[in-house]
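Below is one structure, written out as structure tokens; the observations come after it.
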Amino acid sequence: MRIVCIIIILATTCCLPPIKACSRVPQGATAAKSPVDENFVVSVAGHAQSYVPGQKYNVTLSAYSGLSFVSFMLALELETGDSENDPNAMGAFEISDLSETRFSPRCPNVVENTNTNLKTHVEVVWAAPTMAGQGCVLIRATVMQHRDVWFMDDGLLTKRMCEEEVDDINTQPSIVDPCCACDEAKYELTFEGKWSRHTHPKDFPANSWRTRFSDIIGASHTIDYRFWQYGEMASEGLREVAEHGSTRTLESELKDQSEHIRTIIKARGIAYPNVTGKTFAVFRVDSNHHLISLVSMVDPSPDWIVGVSGLELCLANCSWVENKVHNLYPWDAGTDSGPSYMSADQPQVPPDVVRRIKSNFPNDPRSPFYDPTGAEMKPLATLHINRRRLYEKNCETPDAEQLPLECGTTAWTRWDECSTKCGPGKQYRTREFRNPTLAMRHRCNNALREEKNCMGRKCATFNEEASEGAQPEAEQPGTDPECGLSEWSEWSSCTVTCGTGELVRTRHYLNRRAKKKCQKASKARLQETKMCEAIDCGGDIGNEAAGEGEPEEAKAEGGGADGEAGSAEKRSLFRNFQSFSQRSEDYIPPVCGVSPWSDFSPCLGPCGGSGQRRRMRKVWNNNEVYGVHDPTDDGTDPCRHIKLIEEVNCTNPSCDTIVPSYCYDSLRVSHCRDSDVANFWYYDHVSDQCAIYWSDRCDTNQNKFKSKEECDETCRLPRHKQELQIERLSSEKPQPVDCMVSEWIAHSCNASCGDGVQLRTRRVLRTPKYGGKQCPKHLVRMDRCYQRCDDMYSVSGAFGERRHMPAKIQTQLEPRDECRYSEWSAWTPCTASCGENSVRQRTRTLLNTDLSYKCKDRVRIEKCVMMPCMLNSNDDSDKW
């Protein structure tokens with residue numbers, strides 16, 4: 001009997017129809033679903049269009065146009081429909097109002113009403129899926145107005161939320177335009193070095209003490225500005241950072257673009273032995289300035305940098321990135337062609353664009369990052385960006401809260417560029433209704449366009465037509481009198497005598513000290529330029545004005561219009577020609593490529609004398625570079641006549657002006673010799689040596705340094721640097737220079753009565769050079785001395801009797817003004833273990849301190865006799 005029952009039950013089970021999916025048709029509905037009505041909307045707070053795994057979002061179901069509903073259902077579904085395997089793949093709702101909402105007892109992941117009261121909106125919380133990679137989630141709603149009218153899923157009753165793209169630490173996120181974040185954000189930036197012999201062992205610099213990341217420079221800026229970018233040419237400021245680690249010019253360039261910049265980012269560089277350490281900076285961003293760019297030099301290197309360009313911190317959900325980690329890899333600035341860390345300076349001709357250095361680019365085994373397998377490169381540094389604070393801002397108009405929900409608008413776009421490049425202009429921004437149909441139906445009159453005044457800053461240069469027609473802008477009324485400007489100077493002569501050049505005129509602030517303050521308040525043009533055409537190009541090309549100097553062949557063959565065309569063609573060859581030598585033989589044929597002139601070298605010559613400054617450029621044959629065959633080529637070099645080196649005369653300042661003036665001050669003895677003394681160094685310009693002396697609280701010497709190294713770097717080395725430069729440039733063999741020493745100086749006898757020892761010293765006034773006579777070994781000499789003991793009597797304190805004393809001596813000792821000292825201390829250790837500058841000292845204390853103004857013999861210094869120091873390596877030349 002039991003077996004029969006089991007069979008019947010199994011048969012009955014197999015024959016049951018499958019269980020239907022959860023129905024979201026509202027209970028009590030008596031009619032079919034109504035057509036779509038856009039007055040019922042499902043929205044997510046903050047206008048979010050995507051979700052971050054694990055984050056929570058406020059979901060609202062609203063009725064507009066004065067409508068209401070009595071019941072509702074909110075459900076979650078995966079867009080792919082694969083929700084059966086993992087019910088948590090869609091996230092979950094959380095109840096925020098128990099009086100109006102509850103979880104449905106019939107369907108999972110569904111929230112429904114608890115009563116049938118009229119409602120205009122309800123709110124719930126949706127916790128996004130915690131696991132990444134779940135795809136898009138659909139938030140669907142069912143709304144019933146009454147039994148015969150209900151809506152489900154159509155139109156705005158379905159909200160699609162897709163997982164936000166999470167950028168990895170090696171790639172930058174996509175740009176958000178416009179940024180709808182209302183608040184401003186403050187960030188802390190941490191630059192952490194990773195570059196070391198362990199992470200990048202190939203050809204790592206042998207002199208590891210030279211490794212460093214230069215000072216970091218950057219800015220938070222607008223979306224339409226970059227100061228460096230992949231595929232773009234490096235500016236002068238970027239070149240100086242990439243080649244020398246100098247940020248001054250780039251910082252000036254950033255300040256000139258102040259209309260695009262919110263904060264200039266600056267952080268100290270990190271150097272050996274802390275190359276793998278950290279450095280910090282703080283900056284702010286807003287909805288207009290939501291990108292950051294920064295750069296730092298990799299040193300030593302030809303022109304390699306690390307950094308980011310246009311890193312986005314704004315999110316599409318109108319919020320700010322909380323924290324971000326980004327790896328930094330090397331970039332080639334394209335201004336130097338050296339392939340390795342220690343490559344000599346080799347200017348890139350012609351300059352290249354900024355490119356990313358990879359394990360397979362450049363394809364040069366000399367590159368320290370080259371890997372024939374193309375393996376991934378390890379980062380040189382890592383950027384950590386952490387949000388520290390939000391500054392709440394009111395982004396809406398004052399009456400925004402009073403406007404109906406039907407008139408909701410999107411966020412304002414970013415301000416467009418100023419309508420004028422120089423001077424007063426206008427800027428505009430726009431926005432749109434979120435639902436234009438509803439807005440039109442309700443006759444919303446929100447402002448959809450705004451304008452504001454702006455000031456064009458690009459006033460550095462003007463073309464000829466603009467400059468001639470433009471007048472200097474009038475000073476605006478109410479301007480600070482402290483910011484008064486002088487009149488414009490006369491136009492300068494043309495910068496060239498042949499080809500296209502420039503005319504320049506300038507003006508200045510009457511109060512030069514107020515320049516920085518006034519430029520910050522309202523930037524004024526201090527320089528104007530305009531183009532000029534110079535035609536004095538020598539005898540080979542006709543004078544355009546007078547028609548003279550035309551070659552005879554041209555006169556004979558080029559009559560009429562053809563002759564004029566030929567002359568014009570020749571003149572056009574010089575239209576864009578600039579030459580400091582301004583000679584016709586510097587004409588550059590089209591087949592020749594010429595690099596820009598380098599900067600002039602320092603004045604090469606002796607102190608106080610005349611010298612020469614030199615600059616160079618490179619020339620190449622375009623046909624040879626690009627492999628073009630020219631049938632008219634006769635085998636001669638068409639570029640051989642082009643000047644490659646140019647020299648100009650100059651005058652060097654005297655050696656005394658190179659060294660600060662206080663280095664030549666004589667040492668002044670302090671007028672109060674108290675017991676609180678310390679050792680300092682001073683520069684003795686006579687002997688060209690740094691010497692030690694003692695200083696107290698009353699010392700007023702400016703020629704005063706805490707260490708010998710500081711003294712050398714400030715006063716001694718500048719002169720030596722100039723002399724070394726002269727030696728290197730001089731073609732003649734220098735004459736030997738003998739050592740010179742001072743005369744013997746006798747010091748007081750160490751005995752007050754009887755036999756003693758007297759110290760005599762001399763010092764080196766000039767060190768030998770170029771094989772000259774060496775200095776004597778002995779600079780200190782001790783001689784015997786004798787002090788006469790006079791017949792003196794003193795007052796006995798024990799018996800109160802007075803003894804005889806010679807009248808002369810008695811008159812000297814009766815005033816109680818003699819200096820009484822303690823015993824001498826032991827000699828201190830010598831200040832160096834080798835060399836000629838090692839000294840030691842001993843001290844004693846003044847017992848009757850009321851006579852400190854005159855009793856000064858409290859410190860004794862003597863020279864230590866030491867072995868010469870061993871010579872250092874040739875790296876000492878790096879000091880220069």
Tell me whether the NZ or CZ atom of R284 lies within the 45° cone about the ring axis of Y391 and under 6.0 Å from its centre.
yes

Could you tell me whether F213 and F191 have their ring centroids closer than 6.0 angstrom?
yes

I need the N386 CG to H384 NE2 distance, nearest 0.5 Å.
8.5 Å

Distance under 6.0 Å and angle within 45° of ring axis: R388 vs Y187:
no

Should the heavy atoms of other residues, nucleotides or ligands under 6.0 Å from CD of Q229 be counted, would the total exceed 12?
yes

Got a second to check how far D215's CG is from E251's CD, nearest 0.5 Å?
10.0 Å

Could you tell me whether the side chain of R226 and the main chain of I223 form a donor-acceptor pair under 3.5 Å?
yes

Enclosure of K56 NZ (heavy-atom neighbours >12, cutoff 6.0 Å)
no

Testing the 3.5 Å rule here: is there a donor-acceptor pair between the side chains of T409 and R431?
yes

Can you give me the closest heavy-atom contact between V354 and A333, atom names plus distance?
CG2-O, 4.0 Å

So for atom NZ, which belongs to K426, do other residues, nucleotides or ligands contribute more than 12 heavy atoms lying within a distance under 6.0 Å?
yes

Can you confirm whether the side chains of N288 and T222 place a donor and an acceptor under 3.5 Å from each other?
no

Atom of K33, atom of W150 and distance for their closest heavy-atom approach
N-CZ2, 3.4 Å

Do H121 and T60 have side-chain N/O donor and acceptor atoms under 3.5 Å apart?
no

Side chain of W195, backbone of V298: donor and acceptor closer than 3.5 Å?
no

Residues, nucleotides or ligands: over 12 heavy atoms within 6.0 Å of R160 CZ
no

To the nearest 0.5 Å, tell me how far W331 CH2 sits from R355 CZ.
11.0 Å

With a sphere of 6.0 Å drawn around CD of E432, does it hold more than 12 non-hydrogen atoms of other residues, nucleotides or ligands?
no

May I ask you to test the F151-F69 pair for a side-chain heavy-atom distance under 4.5 Å?
no

Salt bridge check, E184 against R262: does any charged N sit closer than 4.0 Å to a carboxylate O?
yes

Pair D371 + K202, salt bridge at N-O below 4.0 Å:
no

Could you check whether any side-chain N or O of T114 sits under 3.5 Å from a backbone N or O of S99, counting only pairs where one atom can act as donor and the other as acceptor?
yes

How about C407 and C444: are their SG atoms under 2.5 Å apart?
yes

Pair N113-K119, side-chain donor/acceptor within less than 3.5 Å:
no

Consider only side-chain N and O atoms of K194 and T382, and report whether a donor and an acceptor are under 3.5 Å apart.
yes

H326 side, atom NE2; L383 side, atom CG - distance, nearest 0.5 Å
7.5 Å

Over 12 non-hydrogen atoms of neighbours within 6.0 angstrom of OH in Y230:
no

Rounded to the nearest 0.5 Å, what separates atom CG in L76 from atom CD1 in I139?
6.0 Å

SG-SG distance between C314 and C179 under 2.5 Å?
yes

Test R268 against T279 for side-chain hydrogen bond (donor to acceptor under 3.5 Å, both in side chains), laying out the working first.
CA-CA 6 Å; R268 290 185 177 275; T279 185; over 6 Å; no

